[in-house]
Amino acid sequence: MSSENYKEKTTTQGERSLNFLEELIENDLKAGKYTSIVTRFPPEPNGYLHLGHASSICLNFGLTEKYPGYTNLRFDDTNPTTEETEYVESIKADIQWLGFSWKHERYASDYFEQLYNFAIQLIEADLAYVDDSTAEEIATLKGTPTEAGKNSPYRSRSIEENKDLFLRMKNGEFPDGSRTVRAKIDMAHTNMLMRDPVLYRIKHAHHHRTADAWCIYPMYDFAHGQSDSIEKVTHSLCTMEFVPHRELYDWLIQKLNIYPSHQYEFARRNINYTVTSKRKLLQLVNEKFVSGWDDPRMPTISGLRRRGFTPKSIRVFCEKIGIGKRDNMVDLGLLEFCLREDLNKTALRRMVVFDPVKLVITNYDKAVEMLQSENNPEDENSGTRDIPFSHELLIERNDFMEEPPKKYFRLAPGKMVRLKSAYIIQCDEVIKDEQGNITELHCSYIPESKSGADTSGIKVKGTIHWVNAKDAVPIEVREYDRLFKVENPAAESGDFTSFINPDSLKIVEGMAEPSINQASGKEHFQFIRKGYYCLDKDATKEKLIFNRSVTLKDSWAKK
RNA sequence: UGACCCAUGGUGUAAUGGUAACACAACUGGUUUUGGUCCAGUCAUUUAAGGUUCGAAUCCUUAUGGGUCAACCA
């Protein structure tokens, strides 16, 4: 083998290589098949958007941000009994919050008239018929995956009779479930979806948009692809479970002789320690395992938003996990990483003590002193704030140990630490009550060690946070953990709710520096050495309530 | 026991016939007024067996494993 023959590597360093859909689109564009592309995000308005949808949104909208073209928002609202306007509104808000904008807001229900005419077109071509069979009869005649189905006794009705019956279905002459319109394909087909799929069913139900104008509604397979075609969608992206539908998708478009949209499938994203099935999420809400769709433990967009996730962190997450065709289980830790990465650059630093112990500085004789601390050391433009300092402070109880292990960098008898943005102190005396609980730590401070003007020459290994005891603000903090105890609750046998983590919500009190009173709910905070937090919507002027978005990485706690 | 889809480190994605890359996680070490951040390093012969080829993660065959399909849901 001679190395001269080796092909040069073409991938440019640092540039992300294309995923299989981008590659497909670039090829289509290059081949002149399209000059621009159209995608669509097609939610059914029967639940709130979750992380899985976020991935699809980023994919569909991301593609048309990268390539010429646009993305429509199209609600797949063909089942009036489960769909509601409330969901439409939340879905629109969530997409916008993520930072995407659609070209046209469309509804499958916009096309009901057209779809009705498509059905007549098929009937006239003898490619569809009205079936009087019951649901059970249809199921029985359908056969099984390993066994061919049998033709319905109504399959060979005349075109005229079919047209008449379909019109009367539309006019409301028949009760729910009494008749359907089915495509006439092949009851022995190896693809179950091609065994005369139901196209229309009768439902005397109120629709969230068309009200009572219709009592027949198209099925997914007779609405989705047709809507794509009407909108001239070039790349109709959906998840892998729709692979078998593609054959029917293509068949209908071909027989109808309409614009040839194409369906491409990718694998849905699974995230560990959570569920992303609308049915399960709805159950969590209905059975009050969580406080609502926007409970900060929910993997919904609204839950993540309330928890303190940023749009950017979610978009970066979707970008990082990429897109593929195989089953997968993405680590929740990656989502948390993306949030920390974003918030580290932007969150305002504040000091909050969660489990306070009083610290008295015995040689400090000023009443109070204002000290400056940077709002964010990662951002020079973030400015500083003043923090009061006096001889009575609060520090974390676990930042002190009477008998510290070898590499303990915090406070211990006779040891020194720096108080963040303040002075270096030394612990002189431990005060305890009768039960032996530590009630106070008596320390002395090094006056020359003031932060920013340290002439003491003393080097300490540890820096701890603190608040001034006199004006510390009590706050409520809601600490969240993963919602489930097991990686894949959906795969476990038995009711998935039995795997709910009983400790997914812990409510604790904290003592915060006074500047916390300015918190508005718009900003994200880092409580130094603790984690990232944001004001919750339940907060009042009297009682500030914070959500812990994510903890800081803690390589000491692990040991 | 039918058809279809999928198979690369612990996890997710790359490598498009030219000698396995990136990120997360984990583990080392350095820096640090956050045990955070940052920086450096360690961590895979690509499910298996055959075949084609000078050369295979990539193409072919078979096997194995996982998934999907029998709503008048989407």
Side-chain angles (χ1 to χ4, degrees), chain A residues 1-3 5-11 13-14 16-19 23 42-44 46 76 78-79 81-82 131 133-135 138-140 142-149 176-182 189-193 195 198-203 217 219-221 223-224 238 240-245 247 265 267 269 272 278-279 320-331 333-334 336-338 340-341 344-345 349 351 373 377-378 407-410 417-422 424 451-452 454 460-465 526-531 552-559:
Chain A
M1 86 173 93
S2 67
S3 59
N5 295 336
Y6 288 359
K7 226 196 297 180
E8 286 296 319
K9 286 243 180 201
T10 49
T11 28
Q13 202 67 26
R16 188 179 62 82
S17 51
L18 303 178
N19 66 43
E23 191 179 326
E44 183 189 9
N46 69 346
D76 241 336
T78 57
N79 185 0
T81 51
T82 58
D131 194 336
S133 307
T134 63
I138 287 178
T140 309
K142 196 151 226 164
T144 68
T146 54
E147 226 181 301
D176 286 5
S178 60
R179 283 181 168 85
T180 57
V181 172
R182 300 177 69 183
H189 206 288
T190 53
N191 181 350
M192 297 288 288
L193 283 156
R195 320 241 264 227
V198 172
L199 268 22
Y200 261 97
R201 78 289 213 182
I202 300 171
K203 266 184 195 246
Y217 292 93
M219 298 288 290
Y220 166 84
D221 286 302
H224 198 102
C238 62
M240 293 293 283
E241 56 266 36
F242 289 94
V243 169
H245 291 255
E247 198 171 9
E265 310 85 10
R269 316 308 319 204
N272 59 11
K278 275 196 268 188
R279 206 205 91 241
K320 278 187 195 294
I321 61 181
I323 207 72
K325 285 171 94 90
R326 52 179 161 158
D327 290 345
N328 57 77
M329 184 63 79
V330 181
D331 193 345
L334 183 61
E336 297 183 338
F337 166 82
C338 294
R340 290 190 190 105
E341 184 182 49
N344 178 48
K345 299 279 194 292
R349 270 57 171 176
M351 292 202 280
S373 190
E378 304 288 320
K407 282 192 159 173
Y408 190 77
F409 302 151
R410 310 175 192 177
V417 288
R418 173 173 291 282
L419 295 172
K420 172 72 182 168
S421 298
I424 292 174
S451 187
D454 187 349
V460 292
K461 206 63 173 136
T463 298
I464 64 173
H465 61 282
Q526 183 198 100
F527 294 168
I528 289 179
R529 299 209 299 138
K530 286 295 177 181
L552 243 36
K553 223 171 119 180
D554 188 350
S555 51
W556 170 250
K558 280 179 199 156
K559 295 184 182 176

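To find a chain, count down the sequence lines: A is the first, B the second, and so on, and within it residues start at 1.
Note on A:R529: a side-chain N or O is less than 4.0 Å away from OP1 or OP2 of B:G35. OP1 and OP2 of B:C4 both lie 4.0 Å or more from every side-chain N or O belonging to A:T190. Within the 4.0 Å cut-off from OP1 or OP2 of B:U13, not a single side-chain nitrogen or oxygen of A:S17 is found.
Checking B:U13, B:C4, B:C24 against the side-chain heavy atoms of A:V243 singles out B:C4 as nearest. The A:R201 side chain lies nearest to B:C72 when the options are B:G36, B:C72, B:G12. Here the side chain of A:M192 is nearest to one of B:A74, B:A70, B:U37, namely B:A70. Nearest nucleotide to the side chain of A:P377, out of B:G35, B:C73, B:U34: B:U34. Distances were taken from every side-chain heavy atom of A:K325 (C-beta onward) to each of B:A74, B:C6, B:A26; the shortest belongs to B:C6. Side-chain atoms of A:L334 lie closest to B:A23 of the nucleotides B:C69, B:A23, B:G35. Counting only heavy atoms from C-beta on, A:R269 has its side chain closest to B:G12 among B:C72, B:G12, B:U34. Checking B:U68, B:A74, B:G36 against the side-chain heavy atoms of A:L552 singles out B:G36 as nearest.
Checked by distance alone, A:R340 brings no side-chain donor or acceptor within 3.5 Å of a matching partner on the base of B:U37.
Per the stacking criterion (ring centres < 5.5 Å, plane angle < 30°), A:W556 stacks onto the base of B:G35.
Because its glycosidic torsion is more than 90° from 0, B:A7 is reported here as anti.
Ring centers of A:H245 and A:Y220: under 6.0 Å apart, within the cut-off.
No donor-acceptor pair closer than 3.5 Å links the side chain of A:D331 to the backbone N or O of A:L334.
Note on A:N191: nothing from the nucleic acid sits closer than 4.0 angstrom, heavy atoms only. Residue A:S133 is in base contact, counting any heavy-atom pair closer than 4.0 Å across all strands shown. The residue A:E378 sits close to a base: some heavy atom pair falls under 4.0 Å.
Mapped onto RNA chain B by nearest heavy atom, A:Y200 and A:E241 fall at different nucleotides, with A:E241 at the one closer to the 5' end.
Across all strands shown, B:A63 forms a Watson-Crick or G-U wobble pair with B:U47, both key distances being under 3.5 Å.
With contacts defined as side-chain heavy-atom distances shorter than 4.5 Å, the pair A:R201/A:N79 qualifies.
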